[in-house]
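Every chain is numbered from 1, with letters handed out A, B, ... down the list of sequences.
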Amino acid sequence: MTQEASVVGKRVPRLDARAKVTGKAVFGFDFKLPGMLYAGLLLSEHAHARIVALDTAGAEGLAGVKAVVTAADLLEGRGKIPGVFGPTDRWLLARGKVRFVGEPVAAVVAESEELAFEAVRQIRVKYDPLPILLDPEEAMREEAPWIAEVPIGASASGYKGSARNVCAYARLRNGDVEAGFREADLIHEDEYETSMVHQGYIEPTVAVARAEADGGLTVWTNTQIPFFLRGSIAQLFALPLTRVRVIVTHCGGGFGGKAGAQWAAIACLLARKAQRPVRLALTREEELTSTFPRHPTRYRLKMGMKRDGTITALQARCLQDTGGYAGEFGPPQASKINLLMSAPYRTDNVDLEAFTVLTNKTDCGAMRAPLAPQTFFALESHIDAVAEKLGMDPLDLRLKNAREKGEMHPTGQVLGDLGLKDALRAAGKAIGWGREVKPNRGLGLAVGIWYTGATLGASAYVKLNEDGTVGLIVGGSDTGSGAVFGGLPLIVAEELGVEPIEVFVEQCDTALSPWDSGSVSSRTTYSLGNAVIAACRDARQQLLALGARRLGFPEEQLELRGKTVRVTAEPDRAVPLAALALSALVSGGQVLGRGTYVATKPAFDPGRWEGLAISTTLIDPAAAVHAVEVEVDPASGRVKLLRYVAAQDVGRAINPVGVEGQIEGAVSAGIGQALFEEIVLDGEGRVLNPSLLDYRLPSTMDLPRVEVLLVEGHLGGGPYGAKGVGEPSGVPPPAAIANAIARATGVRVKKLPLSPENVWRALSERRGP
Amino acid sequence: MKYRVRVRVNGEEHEVQAEPRLTLATLLRDRLGLLGTKWGCGTGDCGACTVILDGRPVTSCMVLALSADGREVTTIEGLARDGKLHPVQEAFVEHGAVQCGYCTPAAILVAKALLDENPSPSEAEVRQAMAGVLCRCTGYSKIIDAVLAAASAGR
C-alpha cells in the first residue's frame, strides 16, 4: 500500500450482521431439504469392551425407519476416518471393540427424530467388558491393558519405551540440560495437570447429506474444514473429488470442534443407504460425550536458573491424554507442546518430551490453540514459582528472558518480530503491576505464545460486476469469527477503492470455490486475506490498464478510489469502475482477478527433534500477555475476577472491532477453562455432566470486562502486517488466574480447573489439619 | 391425541394441532417455519431458544405449545418493521455484538424485554437480565455495550 489505509483499521460492521440480527441467517441446524430424514446415533455405554453381537433387526423393523448402518456398511478396505497423514486408527463406526463411552456404534435414519431415537433404543448390542484405563500414568505402565491391540505409530515415531498405549512421541532437544542444571543456582521442579474441556459452541454439529444420482454426495454442514472434509468423504466412499461437494452453512461456533469428518461421514453413509437426504444433528448430551474436546494433560517441569534470573535449563515431560483413539487430532499435536514451551524465554538448553497416550476416554481433538493453554498453564505457573523462590519480580523475570526478533528458538528457527516485551509492558502498566492490593487479593500475569498456520494456503478470485460492485469468490469458512464476512470485504474495499458493503462474499462451496485450508490455526484473515490481496491487485492491474486507455494517462499516475479509476493528481479526471467493467464484458473480457497464497515454512534444524515432529516452527509468533486482579474467599475457595487485562501482539488490526471481539471471546473461554469448566467422568468412564447445566459455560455474571490492548507494530506476514488473532488470547487465562491466586493466598493451585473446591482444598492443605 | 393451540406470533394468529409434548420452540421452528429462534440444548440451559411470551422472555424449548394457547409470542422475526431494524438490532450491528450470531436472536429479545420494562438499566442490571443467554464467542462485552447504547438512544 503506497497510501495510508482508507478502510483497513476502521470499525466497520460485518456483512452478515443484518442477517444474524434478524434471524434470517441459515445455520447448519436450520438447513432443510425436501424429503429429509432424521438420524439417531447408538453410542457405546462401555469405556472398553468387545462388541460380541450387534443386532439391528429391532430398529430396521420399525415403521418409518429407512436405514440402519454399522461398521458392516463401511466400504471394503476403507472405513477408518482419514487423517492428514493417511487413515487414522479410528473406524467411522466401531468395529470389533469400543474404546470410550460415547463411541458411535450404529446409526439410523427415520421419518422423524423421535422415531430415530426410538429405533436406536431397539438395537441390541452385546458387550464383553475389558479393563478400563482412565489415568494416563496408569496407561503408561508396561502391564497396562493394551487399548489399541496393534502397534500404532509410536515406534515409527521414535518412541523407545515399553508403554504400549503411547501412540506418539515427540522430543525437542538443544544444548545440554545436564550442564545447564549444574550451572544453575536454583532448580525448581513441579507437576501440573489440566482437565478435559469442551469447545462449548452453542450451535450443535449438523450435517445434511444427499446422495446424488451419479453416485456422488453433497453435504451441507457447519464445518470449519470444507476441503479437508471433501477429501475425507471422497476417501471413505471411493469417490473422485468432483463427486463430493461440501457447502458451508453459517456456523454457531467451531473453536476446533467442527474440524473433523466423523459426523458428516456418518450422514453420508446413511444417505447412500436410504437414498434420501439425511440430517444428522448432535444432541447437547452427544456433544459433551462423543465429540472432540481439549486434551487433558500432565506436565513435569524442571527449570534451572541463575540468581540473576538467567534460565540455564528447561526440561519437561508431558503426557497428552488423547482418549480412546489417536484419531485425527492426537499425534499431530504432540510436538506443539515442545515448540510452544520453549518459545517465550531465552534458553539454549532444553530437553522437552511429549507422549501422546491412549486411555478409555473421549477421543480428544483440537480446541482453540490446541495444547497451548495447557502448556502455558504449566510453564507460566512454573516461572512465577521460580520468581518467588529467587525473590525476583515475575514481570521483571519475564522481561529479562523474553525472546525478541532475530533470536534463535531451540528448534533452530530464527524468530520473526515477536511483540512479547511490548505486550508484557503494556499489560503490566494497564493492571498497575506492583501496586498494593487489599488482603485476599492478588495481581497475576501470564504469557501465551501462538502462531499462524500460514503454510495452510488459499486462493481467491475477484470479479467486477457491470455496476462496479465486486464479487469475491473464496473457499473460506467464517465459523462466526468474522474473518470472511468482516475482514475480507475490508481488504477488497481497501485494494479496489470501493465500500465494504459493495463487496459480496459467501462461504465455501467446494465445487465452485478455490482452495482454502479452513477456519483453523488463526489463518483465515492471514492466508485467505493475502490471497484476496493478490487477486485484487491482479484485478487492479486490469482496471488501471483499462482506465489508462480511457483517460489517456499512464497507469502510474492513476489510482483506484471512490469506485473509480482516477488521476491521482487530478481526481476529477475519473472513470467509474462500472463503466470499465461493463465495457470489458463486451471487449477484452470480464475483469477477473486471481490470487493465491501459501507461506513457506521457516528454516529450522530437524536434527533437534526426535519422533513425530510436525509442529516444528512458529510462523509469525504472536504474544498474548494477560494480567488479572483476583479476590479469593478463603472460606469457600471462590475466585472473583476484579480486573482483566489482555494485551495481544496482533501486528496490524484489520478490523479492530472484529479483533477485539475475538480476543474477548478467547479470554472468556480461557476463563471458563480456568475457573469452572471440566468434563467429569466416573470410575466407569461415563461423563457425569453432559449438559450445559452441569458443564458450566461462563455467563454474563461470571466474566469481567476485558481491557483489550492491541499491541501493533511487530508486523507479521498477513495483510498489511497482520498476524493471526483468534487463538493467542485463549492461552494465558488459566495461568494468569492461577498466578494471581498464588499471590493472593500464598498457595499455588497446580490443577485445573481452579474451582472453589480445588482452591479450597489447596488452601486447606496449606493450613494443615 | 392432538389439541388445538391458538397462538399469536409477531402479531399474526396461528392455529396448530399439537401433541401434548410439543414444545413452543418446535412449534415455532418446525410448524411455523420461524427459524430465527435457535436450538442449542433442548433443556433450557443455554437460552438460545428464548422468545418473548406475554412480554416476558422464556426458554421456548421448556414451554409446552399447549401452554402458549391464547397467548402472544414475539420472536426475532417480529422486531424489524418495514425493513427498519429495531434499535436493539441496530445497536448489535453497530457495536460488534454479533460474531457467530447463534445466541444473537435470544440476546436481542432478552435485551428488548429488559428495555421495555427498564429503559435505563445499569450494566449490572443488563448482566443480570441476560444471564440466561450463553454466548461462547463474545465474552458479552460488546453485547452489553450494544444494549446500553440502545438504551441511551431510546432516551
Side-chain angles (χ1 to χ4, degrees), chain A residues 11 13-14 16-27 29-30 32 199-204 250-255 281 283-285 287 478-482 486 655 657-658 660-669 671-672 691-694 697-703 705-706 708, chain B residues 21 29-30 33-48 75-80 85-86 88-108 123-124 126-145:
Chain A
R11 303 174 82 86
R14 44 191 288 173
D16 56 347
R18 261 191 97 95
K20 289 175 174 176
V21 298
T22 54
K24 290 190 174 161
V26 178
F27 288 81
F29 203 89
D30 304 322
K32 290 187 217 257
Q199 293 83 356
Y201 36 79
I202 308 298
E203 184 204 18
H250 279 291
C251 172
F255 314 113
T283 66
R284 182 56 59 178
E285 194 176 332
E287 288 286 356
D478 190 273
T479 312
S481 71
N655 187 336
V657 172
E660 284 165 12
Q662 283 289 288
I663 291 172
E664 288 160 358
V667 168
S668 74
I671 289 174
S691 79
L692 291 179
L693 184 64
D694 298 314
L697 295 178
S699 76
T700 52
M701 304 303 283
D702 301 310
L703 297 176
R705 285 275 187 173
V706 177
V708 174
Chain B
R21 66 224 196 102
R29 285 181 56 86
D30 293 358
L34 294 167
L35 296 174
T37 301
K38 301 304 177 192
W39 197 99
C41 69
T43 50
D45 299 316
C46 73
T75 70
I76 191 68
E77 290 92 344
L79 251 49
L85 295 179
H86 185 280
V88 175
Q89 288 173 308
E90 198 68 69
F92 268 60
V93 171
E94 291 304 317
H95 288 264
V98 180
Q99 287 190 41
C100 84
Y102 204 68
C103 78
T104 299
I108 289 172
E123 174 157 340
V126 174
R127 284 185 183 269
Q128 180 81 36
M130 300 198 66
V133 178
L134 292 180
C135 172
R136 193 54 154 175
C137 291
T138 67
Y140 307 103
S141 296
K142 293 189 188 328
I143 290 177
I144 292 165
D145 286 344

- Query: In terms of heavy-atom proximity below 4.5 Å to chain A, should B:Ile108 be classed as side chain, backbone, both, or neither?
  - Reply: side chain

- When the 4.5 angstrom heavy-atom criterion is applied to B:Thr104 and chain A, the contacting part is side chain

- Query: Which heavy atom of A:Thr479 sits nearest a heavy atom of B:Cys100, and at what distance?
  - Reply: O-CB, 4.3 Å

- Winner by heavy-atom pair count (cut-off under 4.5 Å) against chain B, out of A:Ile202, A:Val706, A:Asn655: A:Ile202

- Query: Can you say whether B:Glu123 sits under 4.5 Å from chain A via the side chain, the backbone, both, or neither, judging by heavy atoms?
  - Reply: side chain

- Query: Relative to chain A, which of B:Ala48, B:Gly101, B:Cys103, B:Gly96 shows the most heavy atom pairs under 4.5 Å?
  - Reply: B:Gly101

- Output the distance between atom CZ (A:Arg705) and atom CD1 (B:Ile144), rounded to the nearest 0.5 Å. 5.5 Å

- Message: Taking the basic N atoms (NZ, or NE/NH1/NH2) and the acidic carboxylate oxygens, is any pair closer than 4.0 Å for A:Arg14 and A:Asp478?
- Response: yes

- Query: Do the ring planes of B:Tyr102 and A:Phe29 sit parallel (below 30°), tilted (30 to 60°) or perpendicular (above 60°)?
  - Reply: perpendicular

- Message: Can you tell me which of B:Ala80, B:Gly40, B:Gly36, B:Ala129 forms the most heavy-atom pairs within a distance under 4.5 Å of chain A?
- Response: B:Gly40

- Hey, are B:Gln99 and A:Gln662 close enough side-chain-wise for a donor-acceptor pair under 3.5 Å? yes

- Message: Heavy-atom cut-off 4.5 Å, strictly under: side chain, backbone, both or neither for B:Cys41 against chain A?
- Response: both

- Between A:Thr283 and A:Glu285, is any side-chain donor less than 3.5 angstrom from a side-chain acceptor? no

- Message: So for B:Ala131, is it side chain, backbone, both, or neither that comes closer than 4.5 Å to the heavy atoms of chain A?
- Response: both

- Query: So, B:Arg127 side chain and A:Leu703 main chain: donor-acceptor pair closer than 3.5 Å or not?
  - Reply: yes

- Note on the structure: If you tally heavy-atom pairs under 4.5 Å between each of A:Pro698, A:Gly486, A:Ala281 and chain B, the highest tally belongs to A:Pro698

- Among A:Leu693, A:Thr700, A:Asp702, A:Val657, who wins on heavy-atom pairs under 4.5 Å with chain B? A:Thr700

- Item | Residue part contacting chain B, namely of A:Lys24, when any heavy atom lies under 4.5 Å | neither

- Message: Just so I understand: if I count every heavy-atom pair under 4.5 Å between each of A:Gly252, A:Ser699, A:Gly482, A:Gly253 and chain B, which residue has the most?
- Response: A:Ser699

- Note on the structure: So OG of A:Ser691 and CZ of A:Arg284: to nearest 0.5 Å the spacing works out to 10.0 Å

- Message: Need one label for A:Ala25: side chain, backbone, both or neither, based on atoms under 4.5 Å from any heavy atom in chain B.
- Response: backbone

- Task: Please confirm whether the backbone N or O of B:Cys135 pairs with a side-chain atom of B:Tyr140, one donor and one acceptor, at under 3.5 Å?
- Result: yes

- Message: With a 4.5 angstrom heavy-atom cut-off, is it the side chain or the backbone of A:Val667 that approaches chain B, or both, or neither?
- Response: neither

